Each structure stands twice: as C-alpha cells, then as structure tokens.
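These notes concern the structure reproduced below.
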Amino acid sequence: MKVLILFAHPAFHKSKVNKILVDGLSELEGVTFHDLYEHYPEFDIDVKEEQKLLSEHDCIIFQHPIFWYSTPAILKEWQDLVLEHGWAFGSEGNALKDKLFFCALTAGGPEQAYQVEGYHNHTLNQLLAPLKQTAQLCKMIPLPPFAVHGTHAMETDEILDHKNDYFTLLKMIIDDKLDLDKVSELDYLNQYLIKEEL
Ligand SMILES: Cc1cc2nc3c(=O)[nH]c(=O)nc-3n(C[C@H](O)[C@H](O)[C@H](O)COP(=O)(O)O)c2cc1C
C-alpha cells in the first residue's frame with residue numbers, strides 16, 4: 001500500500017506536536033509526505049497535480065491540528081477544488097474508489113471533553129462527519145481518526161509515544177496488515193494497537 005499524507009498546519013514554526021509527529025515521515029518507505037501550506041502558500045492549488053498524487057496512492061491521510069472543530073482552511077479549499085464531479089464522485093467519478101481515508105489529527109481538548117455530555121458537547125467522530133461522508137461519497141473507505149488529544153500540556157515523552165503509535169500504524173497500512181473489520185468497530189485508530197496487544 002502507498003500512503004499519501006496531506007499535511008496542513010498554517011503555523012508550523014509554532015507547532016509542538018505535529019513538528020514531532022511529522023519528523024521522519026518522508027523517510028518512511030511507502031509514504032509520500034505532502035505539506036500543503038508549504039506547496040501552496042497562496043492557496044493556488046494545482047488540481048491536476050493533486051489528482052495525479054491521489055491516483056498514485058492507496059491510502060489518503062489528512063494530517064492536521066483541529067481548528068474550530070474542523071481542518072485548517074487549506075484542506076477545505078483542497079477538497080472544494082480537487083474532488084471534482086466526474087473524477088472523485090458521481091456515476092463516472094471512480095478515481096478514489098476503495099482507497100482508505102482517515103484523519104491524523106491533534107486537538108488541544110482532552111478526549112473526555114469530546115463527549116456528548118462533555119465540554120465540547122460532541123464526540124470527535126460526530127464533528128468529523130462531513131469528512132467521513134465526503135470520503136464515502138468519493139467511494140473511499142473511511143477509517144476512524146488517529147488522534148492526539150490534550151496537546152496543550154503535553155510533554156515531549158508523551159508526544160514521542162504517540163509518534164511511535166502513528167508510525168507503527170502507518171507501517172501496518174503499508175504492509176497491508178490492518179484488519180479493516182476490526183478497525184471499523186473502533187472510535188479511534190489508536191485503539192487498534194491496544195486491541196492487537198490483548
Ligand atoms: C485557530 C485555532 C483553533 C483551534 N480550535 C481547536 C478546536 O476546535 N478544538 C481543539 O481541541 N483544539 C483547538 N485548537 C488547539 C489546536 O488543535 C492545538 O493547539 C494543536 O492541535 C496542537 O498541535 P501543534 O503543536 O502541532 O500546533 C485550536 C487552535 C487554533 C490556533
């Protein structure tokens with residue numbers, strides 16, 4: 001499996017968590033790391049180039065900090081421009097069919113705050129519904145998110161543990177070792193590793 005990471009962080013120089021998570025990603029065999037803000041600082045997204053990249057990969061990941069319960073702006077612009085009717089969706093739009101899709105995101109809020117009865121009044125999966133449905137409309141296979149919660153007070157050791165999990169999951173995807181039936185039962189992709197250890 002070939003993995004395409006579409007990375008979006010508008011203030012990468014200020015990043016604490018994603019800076020560590022992305023370090024070494026582009027050296028992983030089978031991973032293409034594509035930094036959208038670096039490529040398109042003026043949001044002048046090259047649609048044909050993006051579509052070519054998507055076609056060349058089997059698993060598409062949006063990696064980003066969660067901003068206002070959603071993605072940073074360039075990922076919305078990217079969806080609006082790149083996911084064209086007749087290419088990504090519609091009766092003739094099969095370019096993304098059966099590719100895996102998920103978000104690898106970081107969130108300031110802790111996991112317990114992302115509950116219906118919690119501080120944010122919604123689960124993370126409820127908030128990510130538009131992205132999941134977009135993937136479904138494009139005939140992709142949406143997976144639960146890989147999420148790093150509670151970033152504000154997070155120490156480097158803890159970030160490195162999450163990075164280790166992220167890289168382990170990526171290697172499992174590349175080696176086509178992810179059991180998609182098991183994955184579909186999870187709220188978070190992170191839980192797959194805990195399940196595997198049991
Ligand atoms: C504009 C903006 C909006 C944010 N919105 C949210 C949010 O909706 N939910 C949340 O949990 N954290 C939110 N945060 C916190 C970021 O998600 C958090 O700082 C980031 O994931 C940390 O990753 P980094 O160290 O790579 O920047 C927001 C931060 C900014 C700057």
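Just so it is clear, the model here is predicted, and its values are computed rather than measured. Whatever order the structure lists them in is the order used to number ligands and atoms, beginning at 1.
Here D175 does not pair with K171 in a salt bridge; the nearest charged N to carboxylate O distance is not below 4.0 Å.
Among all protein heavy atoms, the one lying closest to atom 19 (O) of ligand 1 is H152 CE1, 3.7 Å. Annotation: atom 18 (C) of ligand 1 to nearest protein heavy atom, T151 OG1, 3.6 Å. Protein heavy atom closest to atom 2 (C) of ligand 1, with residue, atom name and distance, is F67 CD1, 3.6 Å. Y114 OH, 2.8 Å is the protein heavy atom nearest to atom 9 (N) of ligand 1. The protein heavy atom nearest to atom 27 (O) of ligand 1 is H9 NE2, 2.7 Å. Among protein heavy atoms, the minimum distance from atom 23 (O) of ligand 1 is reached at T106 OG1, 3.3 Å. Nearest protein heavy-atom neighbour of atom 1 (C) of ligand 1: W68 NE1, 3.9 Å. With respect to atom 8 (O) of ligand 1, the closest heavy atom belonging to the protein is Y69 N, 2.8 Å.
Within the 4.5 Å cutoff, no side-chain heavy atoms of T134 are placed close to those of L137. Looking at heavy atoms from C-beta onward, M172 lies in side-chain contact with Y192 at the 4.5 angstrom threshold.
Cluster membership for V148 and L105, using ILVMFWY side-chain heavy atoms within less than 4.5 angstrom, is not shared.
Scored by the ring pair (Phe, Tyr, Trp, His ring centres under 6.0 Å) test, W87 finds no partners at all (sequence neighbours excluded).
Numbered from 1 in the order shown, with element, the atoms of ligand 1 that lie under 4.0 Å from a heavy atom of K16 read 24 (P), 25 (O), 26 (O). In summary, the atoms of ligand 1 found under 4.0 Å from a heavy atom of G109, numbered by their order in the structure, are 10 (C), 11 (O).
Note on ring orientation: taking the six-membered ring where Trp is involved, the planes of F7 and H9 are tilted (angle from 30° to 60°).
Counting only non-hydrogen atoms, the option in G150, G108, P10 that gets closest to atom 12 (N) of ligand 1 is G108.
Inclusion of S15 in the set of residues having an N or O under 3.5 Å from an N or O of ligand 1 is warranted. Among the atoms of I66, some N or O lies under 3.5 angstrom from an N or O of ligand 1. Between P65 and ligand 1, no N or O atom pair is found at a separation short of 3.5 Å.
Applying the salt bridge (charged side-chain N to carboxylate O under 4.0 Å, His left out) test to every pair with at least one member in residues 50-73, sequence neighbours left out, gives these pairs: K52-E56.
A side-chain contact (heavy atoms from CB on, under 4.5 Å) with L6 holds for exactly one of I60, D35, T32, I61; it is I60.
At least one cation-pi condition fails for K139 and F89: the charged atom is not both under 6.0 angstrom from the six-membered ring centre and inside a 45 degree cone around its axis.
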